[in-house]
Amino acid sequence: MTKLIRFTILAAIISLICQTCKKDDEFYHITAYEENLHYYVNEYRKSKGLNELVLQPVMVIEAQANSVDWKNGGDPSTGLQDRFETVIEKIGGTSNGAITSIVYNLSADSVVHYWARDTIADKILLGTYTQSGPGIARGNDDKIYVTHMFLYIPK
């Protein structure tokens, strides 16, 4: 009987603690493709003598959501500034940039090489940023919706 009372009290305490806890940030899962995008962006930046970017989970969540919205019929730039504001509110930062692309069955390194040949995308890749957050959504017919967010956080 004493064990039952102790168990009940312990369960009540745990329940009370859980009810008063602040909700954590969203859970995120970065795919291998997104990790590779981040890796190859950093390899490209290093080849140009620039700093590596920190993989930022908050940005990954926002980039993934942007890509999913885009895949579901949205516009890739609609709401992107709101997503940056959400990121900046959580982790700080000043200047930002993003690259959005639809690619068909391309590897992550091929996507980065494709971006490097585009003047606007290359300027973003080589920008003065410290953080990076790639997010993708897979569509039909090997279509991949890619949003890659970049942010500068002063030291």
Side-chain angles (χ1 to χ4, degrees), residues 14 17-155:
I14 291 172
I17 290 171
C18 289
Q19 289 175 1
T20 59
C21 288
K22 179 182 157 196
K23 182 183 179 294
D24 289 337
D25 284 333
E26 297 174 55
F27 175 78
Y28 88 103
H29 170 77
I30 186 164
T31 67
Y33 194 93
E34 291 161 338
E35 277 189 73
N36 286 334
L37 277 171
H38 176 77
Y39 172 80
Y40 287 112
V41 164
N42 273 335
E43 288 298 302
Y44 179 63
R45 288 176 60 86
K46 285 192 309 189
S47 77
K48 301 294 183 181
L50 298 172
N51 64 299
E52 287 189 43
L53 303 172
V54 174
L55 181 61
Q56 186 51 251
V58 173
M59 293 173 68
V60 170
I61 291 167
E62 294 300 325
Q64 288 171 339
N66 194 70
S67 292
V68 168
D69 287 350
W70 183 16
K71 178 189 90 166
N72 292 332
D75 180 281
S77 58
T78 300
L80 197 52
Q81 190 56 42
D82 291 337
R83 294 185 189 287
F84 271 115
E85 288 172 13
T86 298
V87 169
I88 290 168
E89 183 179 295
K90 290 181 179 183
I91 63 171
T94 55
S95 60
N96 57 59
I99 302 172
T100 56
S101 297
I102 293 178
V103 297
Y104 294 87
N105 203 25
L106 285 180
S107 63
D109 62 328
S110 295
V111 171
V112 174
H113 284 102
Y114 170 76
W115 288 343
R117 290 190 306 266
D118 178 273
T119 307
I120 295 169
D122 191 54
K123 186 176 179 180
I124 294 169
L125 287 173
L126 301 177
T128 309
Y129 301 113
T130 58
Q131 314 293 307
S132 165
I136 67 162
R138 292 191 181 271
N140 299 328
D141 302 326
D142 296 321
K143 191 183 287 189
I144 304 171
Y145 297 80
V146 181
T147 302
H148 201 126
M149 299 172 74
F150 300 88
L151 180 69
Y152 174 74
I153 298 178
K155 294 180 182 179

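Heavy atoms only: backbone and side chains are in, while hydrogens, waters and symmetry mates are out.
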Original post:
Does the cation-pi check pass for Arg138 over Tyr33, that is, NZ or CZ under 6.0 Å from the six-membered ring centre and within 45° of its axis?
Top reply: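 Yes, a cation-pi geometry.
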
Original post:
Can you find a side-chain donor-acceptor pair between Ser101 and Trp115 that sits under 3.5 Å?
Top reply: yes

Original post:
When you check the side-chain N and O atoms of Tyr44 and Asp122, is any donor under 3.5 Å from an acceptor?
Top reply: yes

Quick check: closest heavy atoms across [X] and [Y], and the distance to 0.1 Å?
X      : Y      : result
Ile153 : Thr130 : N-OG1, 2.9 Å
Trp70  : Asp75  : CD1-C, 4.3 Å
Ser67  : Gly135 : OG-O, 2.8 Å
Met59  : Val87  : CG-CG1, 3.6 Å
Ala63  : Gly133 : CB-O, 3.3 Å

Subject >> Test side chain to side chain contact (heavy atoms under 4.5 Å, CB included) applied to Leu50 and Leu126, step by step >> reply: CA-CA 7 Å; Leu50 298 172; Leu126 301 177; 3.6 Å; yes

Close side-chain approach of [X] and [Y], heavy atoms under 4.5 Å:
X      : Y      : value
Val41  : Leu125 : yes
Ile88  : Leu151 : yes
Ile124 : Tyr129 : yes
Asn96  : Gln81  : yes
Leu55  : Ile30  : yes
Val111 : Ile144 : no

**OP:** Drop me the distance from Met149's CE to Gln56's CD, to the nearest 0.5 angstrom.
**Re:**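 If I round to the nearest 0.5 Å, the distance is 10.5 Å.
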
**OP:** Calculate, to the nearest 0.5 Å, the distance between atoms CD and CG belonging to Glu43 and Asn36 respectively.
**Re:**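 Separation between the atoms: 11.0 Å.
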
Subject >> Ser95 (side chain) donor-acceptor with Tyr152 (main chain) under 3.5 angstrom >> reply: no

Original post:
Does Arg45 reach the main-chain N or O of Glu52 with its side chain, forming a donor-acceptor pair under 3.5 Å?
Top reply: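 No.
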
**OP:** Could you check Asp82, Thr147, Thr78 and say which one makes a side chain to side chain donor-acceptor pair (under 3.5 Å) with Asn66?
**Re:** Thr147

**OP:** Take Tyr39 and Asp109 through the side chain to side chain contact (heavy atoms under 4.5 Å, CB included) test and state the conclusion after the steps.
**Re:** CA-CA 9 Å; Tyr39 172 80; Asp109 62 328; over 6 Å; no

**OP:** Take His38 and Leu53, measure what side chain to side chain contact (heavy atoms under 4.5 Å, CB included) needs, and give me the verdict at the end.
**Re:** CA-CA 8 Å; His38 176 77; Leu53 303 172; 4.2 Å; yes

